[in-house]
Amino acid sequence: MNEVLREVAALSPEEREERLAALAPELIEDITKPRVHVKELPALEKAESGVVMRFAPNPSGPLHLGHARAAVLNDAYVQRYGGKYILRIEDTDPKRVDPDAYAMVREDIAWLNLSIHEVVYQSDRFDLYYQYGRDLTERGGAYVCTCENEQFRELKMARKACPCRGLTVEENLALWERMLAGEFYEGEASVRVRTDLEHPDPAMRDFPAFRILHAPLHPRIEAHVYPLMNFSVAVDDHLLGVTHVIRGKDHIANTRRQRYIYDYFGWPVPVYRHYGRMGIEGVILSTSQMREGIRSGAYQGWDDIRLGTLRALARRGIEPAAVRSAMIDIGTGDTDISFSWDNLYAHNRAIVDPVADRYFFVPDPVPLKVRDAPVQTARALLHPNDPGRGTRTLPFLGEVLIPREELGRAPEMIRLKDLFNVRVTESDEGYVLTYAGEDLADARAGKAPIIQWLPAESYLPAVLVTPEGPVAGACEPAAGTVQGKVVQFERVGFARIDRVEPQELIAYFCHR
RNA sequence: GCUGCUAUAGUGUAGUCCGGCCAAUCAUUUCGGCCUUUCACGCCGAAGACUGGGGUUCGAAUCCCCAUAGCAGCACCA
């Protein structure tokens with residue numbers, strides 16, 4: 001073995017390639033062909049025999065890029081180590097539940113291609129939470145607190161116990177039953193986990209586990225005693241057998257709080273990893289802000305092109321696989337990062353470029369007759385790197401549409417792509433195009449720009465919707481046949497054909 | 001204020017645990033060039049970083065201390 005290694009090391013790269021060609025020609029292609037680099041996530045400890053992980057969104061709206069990070073990272077590890085991926089809908093706060101979001105979350109997860117094996121709703125599990133809440137109280141790990149909120153806060157900051165902390169288990173159980181029986185109104189009682197009043201971090205001191213809420217009503221269940229996140233999450237993670245949890249670092253304190261609950265019950269603690277905060281330039285990720293923007297009419301809907309929701313990305317033609325690899329690229333680092341659209345676009349371009357058919361889109365079109373030009377039909381490849389895909393045809397009858405912007409550059413000659421060359425002159429009536437031959441070499445020699453164009457007699461009016469606003473133009477009628485697909489408008493960029501209305505095509509700009 | 005986490009190029013990331021092989025990886029980005037009937041793709045090349053200051057050591061991106069900066073938590077939200 002060592003001898004072989006030494007032998008190989010002694011060879012020059014050329015020699016190695018020769019030897020490989022002789023030994024295993026089929027492998028040559030592997031090293032030659034460009035390979036989409038797939039970054040490997042760091043190994044997870046205690047994962048060798050499989051993992052159970054979960055994605056636990058709050059159904060307050062559709063999923064956005066922030067959710068995608070947690071969803072994809074957990075999914076990637078489940079796929080890598082094998083095991084189970086649980087979708088847990090965390091709907092324990094009726095104030096933050098949007099009934100429509102249940103469906104939206106499921107749709108977004110389907111789009112992301114997550115390998116979910118099991119779905120649980122926390123609102124189905126309240127009896128379980130009550131059962132363990134009672135259990136925890138019996139163990140002395142929790143007490144019912146009837147203090148004024150503000151008063152408790154002050155005591156906590158002063159590291160002092162509130163009067164309720166000294167109640168006996170029996171007294172606590174009695175109060176607990178009264179809570180469940182509906183004898184307290186909102187804010188009058190809560191259940192707290194007994195932790196450590198001397199804990200240096202005030203966030204750890206006797207945090208709440210249950211609260212009372214009478215309004216709004218929960219869309220799925222009837223309840224007035226609601227578990228708080230730290231309690232329901234700890235109970236569920238244990239009951240569902242979750243072995244590894246990957247979540248944002250805003251949960252670091254929660255992880256420590258949940259540890260108290262694990263310890264009271266004597267449960268083994270999962271492996272946690274907390275990734276850093278991810279800022280995203282240009283879009284708001286706050287569900288409540290998005291909702292407000294939609295309500296006020298600033299945004300057209302949850303898939304408004306300016307939002308960071310997954311459905312907005314989908315509408316622009318971002319592929320789920322691109323989101324996935326972008327998130328894996330970012331990884332689980334605990335540094336705060338800023339999400340880069342450029343990087344996402346690069347991932348998407350790699351996926352979309354080989355498959356997107358090419359079409360002409362002429363922004364701000366100017367109709368111009370071409371003098372002395374012979375009538376003919378142009379054929380352009382649907383994809384330059386894959387002639388087998390066929391061509392589209394563009395009839396030239398004497399007049400063309402070209403982008404106004406090109407004329408502003410005052411070129412002497414222009415090559416209409418896949419057609420012929422034209423000379424550009426200015427007269428009293430404006431620009432004049434004159435046929436200047438078919439030879440591509442002439443255009444090359446004259447450094448003529450090769451531009452997209454459309455026949456003035458047959459085109460489809462089109463609007464390209466960009467984050468900066470709509471761009472009116474025209475496109476090939478054939479582009480109207482690929483509704484829902486991502487195409488490349490040559491020299492403009494990639495776009496998704498959103499819809500084709502009787503007299504107009506609407507496309508959403510994706511990226512260059 | 002208290003508690004905790006983090007700090008590598010414009011952006012993301014590897015290396016940091018176990019100091020030397022790091023004159024620091026890969027991707028993106030930008031700029032050149034080639035290819036090309038797209039300003040796409042592909043290919044070649046270049047640019048660009050260890051937050052600062054002390055200390056330990058023969059030797060520090062890596063260990064220690066201080067400073068600075070960013071972020072998070074201190075909710076009857078998740």
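A note on names: the letters A, B, ... follow the listed sequences, proteins ahead of strands, and every chain is numbered from 1.
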> Is the CZ atom of A:R423 crowded by more than 12 outside heavy atoms at less than 6.0 Å?
Replying inline: no
>> Can you tell me how the ring of A:H511 sits relative to the ring of A:F494, calling it parallel under 30°, perpendicular over 60° and tilted otherwise?
In response: tilted
> Do the numbers put A:R125 on top of the ring of A:Y132, so that NZ or CZ is under 6.0 Å from the six-membered ring centre and no more than 45° off the axis?
Replying inline: no
> So does A:R491 reach the base of B:A40 with its side chain, donor to acceptor, closer than 3.5 Å?
Replying inline: no
> How long is the line joining CZ of A:F152 and C1' of B:C74, in whole Å?
Replying inline: 12 Å
>> Under a 4.0 Å threshold between the charged nitrogen and the carboxylate oxygen, would A:R389 count as salt-bridged to A:D357?
In response: yes
>> Suppose we screen for side-chain contact (heavy atoms from CB on, under 4.5 Å). Which residues come up paired with A:A43, at least two apart in sequence or across chains?
In response: A:R80, A:Y81
> Base, sugar-phosphate, or nothing for A:E90, non-hydrogen atoms under 4.0 angstrom?
Replying inline: sugar-phosphate
> Can you tell which of B:A78, B:C76, B:U13 lies closest to the side chain of A:S190?
Replying inline: B:C76
> A:E406 and A:R491: salt bridge (Lys or Arg N to Asp or Glu O under 4.0 Å), yes or no, with the steps?
Replying inline: CA-CA 12 Å; A:E406 299 297 337; A:R491 309 207 319 134; 2.3 Å; yes
> Is A:N149 near enough to B:C76 that one of its side-chain N or O atoms lies under 4.0 angstrom from OP1 or OP2?
Replying inline: yes
> Using 30° and 60° as the class limits, which term best fits the ring planes of A:W453 and A:F360: parallel, tilted or perpendicular?
Replying inline: tilted
> More 5' along RNA chain B: A:R69 or A:R153, using each one's nearest nucleotide?
Replying inline: A:R69
> Has A:K156 got a side-chain N or O lying under 4.0 Å from the OP1 or OP2 atom of B:A75?
Replying inline: yes
> Which nucleotide in the set B:G12, B:A78, B:C41 lies at the smallest distance from any side-chain heavy atom of A:I337?
Replying inline: B:G12
>> Base, sugar-phosphate or nothing for A:G331? Non-hydrogen atoms, less than 4.0 Å.
In response: nothing
> Just checking A:D93: base, sugar-phosphate only, or nothing, at a heavy-atom cut-off of under 4.0 Å?
Replying inline: sugar-phosphate
>> Working to the nearest 0.5 angstrom, can you tell me the gap between A:R194 CZ and A:D206 CG?
In response: 7.0 Å
>> Can you tell me whether the side chain of A:E406 and the base of B:C39 have a donor-acceptor pair closer than 3.5 Å?
In response: yes
> According to the interplanar angle, ranging from 0 to 90°, do the rings of A:H274 and A:Y272 count as parallel (below 30°), tilted (30 to 60°) or perpendicular (above 60°)?
Replying inline: parallel
> With a distance cut-off below 6.0 Å to the six-membered ring centre and an angular limit of 45° from the axis, does A:R69 pair with A:F339 as a cation-pi contact?
Replying inline: no
> What nucleotide, of B:C41, B:A78, B:U11, holds the atom closest to the side chain of A:N385?
Replying inline: B:C41
> Which residues pass the ring pair (Phe, Tyr, Trp, His ring centres under 6.0 Å) test with A:H238, sequence neighbours left out?
Replying inline: A:W267
> Rounded to the nearest Å, what distance is computed from the CZ atom of residue A:F494 to the C1' atom of nucleotide B:C39?
Replying inline: 12 Å
> Do the rings of A:F231 and A:F210 sit parallel, tilted or perpendicular, given the 30° and 60° boundaries?
Replying inline: tilted
Could you list all N or O pairs between the protein and nucleotides 30-37 of chain B that sit under 3.5 Å apart?
unit_1: B:U37; atom_1: OP2; unit_2: A:R444; atom_2: NH2; d: 3.2
unit_1: B:U37; atom_1: O2'; unit_2: A:K417; atom_2: NZ; d: 3.2
unit_1: B:U37; atom_1: O2; unit_2: A:D418; atom_2: N; d: 2.5
unit_1: B:U37; atom_1: N3; unit_2: A:R415; atom_2: NH2; d: 2.8
unit_1: B:U37; atom_1: N3; unit_2: A:D418; atom_2: N; d: 3.3
unit_1: B:U37; atom_1: O4; unit_2: A:R415; atom_2: NH2; d: 2.8

> Among A:D336, A:T335, A:D334, A:T255, whose side-chain hydrogen bond (donor to acceptor under 3.5 Å, both in side chains) with A:K249 holds?
Replying inline: A:D336
> Could you spell out the base pairing of RNA chain B in dot-bracket, with Watson-Crick or G-U pairs whose two distances are under 3.5 Å, [ ] crossing and | to another strand?
Replying inline: (((((((..(((.......[.....)))((((((.......))))))...(((((..]....))))))))))))....
> Which of residues 220-234 of chain A have a heavy atom under 4.0 Å from RNA chain B?
Replying inline: A:P227, A:L228, A:M229
> Any idea how A:Y121 and A:Y102 line up, ring-wise: parallel (<30°), tilted (30 to 60°), or perpendicular (>60°)?
Replying inline: tilted
> Just to confirm, is there a sub-4.0 Å distance from OP1 or OP2 of B:A78 to any side-chain nitrogen or oxygen of A:S60?
Replying inline: no
> Hey, does the side chain of A:R349 come within less than 4.0 Å of B:C41's phosphate (OP1/OP2), counting only N and O?
Replying inline: yes
>> Is it the case that atom CZ in A:R134 sees more than 12 heavy atoms from other parts of the structure closer than 6.0 Å?
In response: yes
> Which parts of nucleotides 67-73 of chain B does protein reach within less than 4.0 Å, heavy atoms only, written one letter per nucleotide 5' to 3' as B for base, S for sugar-phosphate only and - for none?
Replying inline: ---BBSB
